[in-house]
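Reading through the C-alpha cells given below for one structure.
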Number of protein chains: 2
Amino acid sequence: MAVTIRDVARVSGVHVSTVSRAFSAPHLVNPETRVRVLAVADDLGYRPNRAARALTTGRTHNLGLIVADIANPFFPPLIKAAQAQARLRDYHVFVADTDEDPKVEEELIQTLTKQVDGVLLCSPRLTNRTIERLRQEVPFVLVNRRVKGMATVLMDVGRGARLAVEHLTGLGHRRLALVTGPSGSWTSKEMQEAAAAMSEVDVAFLGPNPPTEQGGRAAAAEVIASGATGVLAYNDLVAIGLIEGLAERGVHVPGDISVIGVDDIVAGRLGRPKLTTIAMPTATAGRIAVDMLLQSVDSEVATGVTMLETALIIRESTGEAHS
Amino acid sequence: MAVTIRDVARVSGVHVSTVSRAFSAPHLVNPETRVRVLAVADDLGYRPNRAARALTTGRTHNLGLIVADIANPFFPPLIKAAQAQARLRDYHVFVADTDEDPKVEEELIQTLTKQVDGVLLCSPRLTNRTIERLRQEVPFVLVNRRVKGMATVLMDVGRGARLAVEHLTGLGHRRLALVTGPSGSWTSKEMQEAAAAMSEVDVAFLGPNPPTEQGGRAAAAEVIASGATGVLAYNDLVAIGLIEGLAERGVHVPGDISVIGVDDIVAGRLGRPKLTTIAMPTATAGRIAVDMLLQSVDSEVATGVTMLETALIIRESTGEAHS
DNA sequence: GATCTTGCAGCAACCGGTTGCAAAAAGTAT
DNA sequence: ATACTTTTTGCAACCGGTTGCTGCAAGATC
C-alpha cells in the first residue's frame with residue numbers, strides 16, 4: 001500500500017540497506033548511487049516511516065508538551081513557539097492539557113514517555129518528588145518550576161513582583177494584597193516570597209485561587225475585607241475577574257483599588273481599564289525550552305537553568321492612593 | 001533497558017504471543033493466565049510500545065491537528081476540546097501551526113500522515129484540489145471548510161452573518177461593509193455570500209485582510225472611505241483592531257459606526273466597547289470533529305457534514321444609526 | 001471408545017526501517 | 001603484478017510488538 005524502503009530498493013536496483021543509508025548516513029554511500037536512489041524515492045513518493053525508525057534508533061523525533069490549560073491565554077504563545085522551534089529541528093509535538101489536575105498530569109506523562117524523546121512540563125502542579133521519580137523515565141525540561149538538578153526555564157516573576165510592589169508603594173499604597181494562584185504553582189510561591197521579603201510593606205496573602213476569571217471574581221470580597229488598596233493578582237485572568245468582582249460591589253479600579261496582573265495577555269490590553277501587568281516572555285520561553293530539551297536528549301545531561309526577564313507594563317489599572 | 005513484552009513473557013513463563021494477546025485480545029487467553037501475566041506486567045512496570053504496535057497494526061493511535069495560528073484565541077478552546085476527546089479514546093494529538101501559510105500546511109500534512117491515523121484540518125487555507133489529493137494519503141476531517149464528499153464540521157457562520165446584517169439594518173444602518181478575512185478562508189466566503197444574498201441592503205466587501213488585530217486596524221481607513229455605518233468583521237480580533245483604528249481617526253464606535261465581530265473571544269467581552277459578536281461553538285466543534293475522525297478511521301468512510309449553530313451576542317459595539 | 005469440537009498456547013513470519021560485519025570493488029603503494 | 005587500504009555495497013539480525021497457523025489437551029457427541 002504505502003511505499004516502503006524495499007520498493008525503492010527494488011526499483012533502483014540496490015539493497016535496502018543502501019537506501020536506508022542514502023537517507024540517514026549519506027557519507028557512507030557513493031554519491032552517484034545516492035542521487036539515483038533519492039530520485040527513485042522522490043519518484044515513488046517514498047516517505048520514511050518514523051515509527052519503524054523509532055523502533056531501532058530509540059528516537060521518536062517527537063516531543064511532549066504538557067500544560068495546565070490550553071485555553072488559558074498564557075499558554076498558546078508558548079505552545080506556538082515551542083511547536084515552531086521543534087519543527088525547525090524536524091520534531092513533532094504532542095500537546096496535552098491536564099485541566100489543572102496533577103493526577104491527569106502524571107498519567108499523561110506516563111503514557112507519553114514511550115512515544116517521545118522528551119517532555120516539556122509547563123507550570124506543573126506535581127510535587128517535586130513525583131517529578132524526580134518521573135524524570136527517570138524520560139528527559140524533562142520544566143517551565144516555570146524549579147526542581148534542583150533539572151533543566152529549567154524560568155521567568156523572573158520574583159523581580160516582576162518586586163517591581164509591582166514598588167510601583168504600588170510609589171503610588172502611596174500602604175496596605176497591599178497578593179491574590180495567589182493554585183497551591184502547586186511555583187510562580188505563585190515565588191511571588192509570595194518576593195513580596196514577603198519586602199519588609200517595609202504590609203501585604204496580605206489571599207488564596208489559593210483557581211487561575212481563572214472566576215477565581216478572581218470570587219476573590220473580590222476577600223480583597224475588600226483585607227482593606228488593601230493595592231493588589232497584585234496571580235495572573236491577568238484573575239486580575240480581570242477581580243476587577244469585575246470589585247465593580248459588582250461598587251469598588252472602582254483604579255479609583256478605589258489598584259490592580260496589577262501577570263502575563264500581559266491580549267485581553268488585558270483591551271480591558272476597561274487597561275491592565276497594568278507584568279509581561280512574561282512566553283514565546284521565548286517555549287523556544288528556549290525546546291532547544292534545551294533537544295540538547296539534553298542528545299547529550300544525556302539535562303541540567304541548566306535559564307532565567308528570562310520580565311517587565312512591568314504600566315497602564316490604567318493602577319493609580320495614586322487616596323488620603 | 002525499558003521493559004518489553006519479552007521480559008514479561010520470560011518472568012511469567014509464557015510465550016510472547018500470549019502476553020501480547022493478554023493485552024490486545026483478552027478473550028483469546030485463559031483468564032487465569034491473563035491475570036498472572038497482567039500482574040507480572042504491572043510488577044515490572046511494562047508499558048506497550050506504541051511505535052512497535054503501530055508497525056504491525058498500521059494504527060498509530062495518534063491524530064494530527066492543524067490550525068492556522070495557535071495564538072489566535074479562536075483555536076485554543078477547539079484544541080483543548082479535541083485533545084481531551086482524543087484522550088478519552090486513548091489517542092494522542094500532534095498540534096501544528098501553519099502560520100497561515102498554505103505551503104507550510106501542505107508540508108505539515110505530508111510529514112504527519114505517516115505518524116497519525118487521521119488529521120483534523122481547521123480552517124485550512126489550501127485549495128480544494130490540494131485537499132482532495134492529500135486525502136488519498138490519510139483520513140481527514142475538515143473544520144470550517146467545505147469540500148464535497150469529505151467529513152466536515154461547520155459552524156453556521158452564514159446564518160450568523162444574516163443575523164448580524166439584520167441586526168444592523170434593524171438599527172437603521174443602510175450602508176454596510178464586510179471586512180473579509182484571508183483569501184483561502186471558507187468562513188470569509190460564506191459570510192460574503194450570505195451578505196450578498198440579502199439584496200435589500202448595500203454592502204461593500206473590503207479585503208482580503210490578515211485575520212489579526214493589525215489586519216483590522218489597517219482596514220479602518222478603507223471602512224471610513226466606504227461610507228458604511230455598520231460593519232461586520234471577519235473575526236473579533238479584526239473587529240477589535242478595526243475599532244482601535246477607527247478611534248485613532250476620531251471615529252467612534254458605536255456612536256459613528258457599529259461593528260460586529262465573530263468568534264466571541266474573551267478579549268471581546270472585556271473590550272471597550274464590549275463587542276457585539278457571533279459566537280462560535282468551537283469546543284463542541286473540536287469534540288465532534290475528533291469523534292467523526294475516529295469513526296472514519298475505523299470505517300474507512302469519511303463523509304458526513306455536521307452543521308453547528310452560531311448565535312448573535314449583542315453587546316455594546318452596535319447601536320442606532322443616526323440621521 | 002473413537003471422533004469431533006473447542007479453548008488455549010506456542011511457533012514463526014512479519015511490519016519498515018537500522019546497523020555491525022563481511023565481501024567486493026576501487027584506489028595506492030611497493 | 002602483488003599486497004594493502006579505503007570506499008561502497010550486501011547480508012542478516014534486530015527493534016517490540018501482532019497474528020495466521022498449528023498442535024495439544026480437555027470436553028462434547030455419538
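Just so we're clear, the structure is a prediction, and the values are computed from it rather than from any experiment. Here is how names work: the chains are called A, B, and so on, in the same order as the sequence lines, proteins then strands, and each is numbered from 1.
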Between atom [atom1] in [X] and atom [atom2] in [N], what is the gap in whole Å?
X: A/Lys114; N: D/dC15; atom1: NZ; atom2: P; result: 15 Å
X: A/Glu32; N: D/dT7; atom1: CD; atom2: P; result: 16 Å
X: B/Arg53; N: D/dT18; atom1: CZ; atom2: P; result: 5 Å
X: A/Leu28; N: D/dG10; atom1: CG; atom2: C1'; result: 14 Å
X: B/Arg59; N: D/dG16; atom1: CZ; atom2: C1'; result: 19 Å
X: A/Ile5; N: C/dG17; atom1: CD1; atom2: P; result: 5 Å
X: A/His27; N: D/dT9; atom1: NE2; atom2: C1'; result: 14 Å

- Message: With a 6.0 Å cut-off (strictly less than), is the heavy-atom count around CZ of A/Arg146, excluding the residue itself, greater than 12?
- Response: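 Counting other residues, nucleotides and ligands, CZ of A/Arg146 stays at 12 neighbours or fewer.
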From [options], nucleotide with atom closest to [X] side chain:
X: A/Leu55; options: D/dC15, C/dC8, C/dG17; result: D/dC15
X: B/Thr33; options: C/dT18, D/dG17, C/dA9; result: C/dA9
X: B/Asn30; options: C/dA9, D/dG16, C/dG10; result: C/dA9
X: A/Thr4; options: C/dG16, C/dG20, C/dC11; result: C/dG16

Using a cut-off of 4.0 Å on non-hydrogen atoms, how would the nucleic acid contact of [X] be classed: base, sugar-phosphate, or nothing?
X: A/Thr18; answer: sugar-phosphate
X: A/Arg50; answer: nothing
X: A/Phe23; answer: nothing
X: A/Val19; answer: nothing

Are any of [X]'s side-chain N or O atoms less than 4.0 Å away from OP1 or OP2 of [N]?
X: B/His15; N: C/dA9; answer: no
X: A/Ser17; N: D/dC11; answer: no
X: B/Ser20; N: D/dG17; answer: no

- Taking A/Glu106 for the side chain and A/Thr130 for the main chain, is one N or O donor matched with an acceptor at less than 3.5 Å?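 No.
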- Task: On DNA chain C, check which nucleotide each of B/Thr56 and B/Arg36 is closest to and give me the residue with the more 5' one.
- Result: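 Its nucleotide being nearer the 5' end, the pick is B/Arg36.
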- Task: By nearest nucleotide on DNA chain C, pick out whichever of B/Val14 and B/Ala52 is the more 5' one.
- Result: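 So the residue in question is B/Val14.
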- Message: Under the criterion side-chain contact (heavy atoms from CB on, under 4.5 Å), I'd like the reasoning laid out for A/Arg87 against B/Leu108: C-alpha separation, chi angles, the key distance, then a yes or no.
- Response: CA-CA 9 Å; A/Arg87 206 159 68 78; B/Leu108 230 28; 3.1 Å; yes
- Message: If you go through the side-chain atoms of B/Arg6, does one of them form a donor-acceptor pair with the base of D/dG17 closer than 3.5 Å?
- Response: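 Looking at the base of D/dG17, it does pair with a donor or acceptor on the side chain of B/Arg6 (distance under 3.5 Å).
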- Give a yes or no on whether a donor-acceptor pair under 3.5 Å exists between the nucleobase atoms of D/dG10, that is its base, and the side chain of A/Arg21.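 Checked by distance alone, the answer is yes.
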- Message: Any non-hydrogen side-chain atom of A/Asn144 less than 4.5 Å from a side-chain atom of A/Phe74?
- Response: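 The answer is yes; the side chains approach within 4.5 Å.
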- Query: Which word best sums up how the rings of A/Phe94 and B/His92 line up, parallel for under 30°, tilted for 30 to 60°, or perpendicular for over 60°?
  - Reply: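 If you compare the ring of A/Phe94 with that of B/His92, the planes turn out perpendicular.
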- Task: First locate atom NZ of B/Lys114, then atom CD of B/Glu137, and finally report the distance between them rounded to the nearest 0.5 Å.
- Result: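 These two atoms lie 7.5 Å from each other.
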- Query: Mapping B/Val3 and A/Val16 to their closest nucleotides on DNA chain D, which lands nearer the 5' end?
  - Reply: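 By nearest-heavy-atom nucleotide position, the 5'-most residue is A/Val16.
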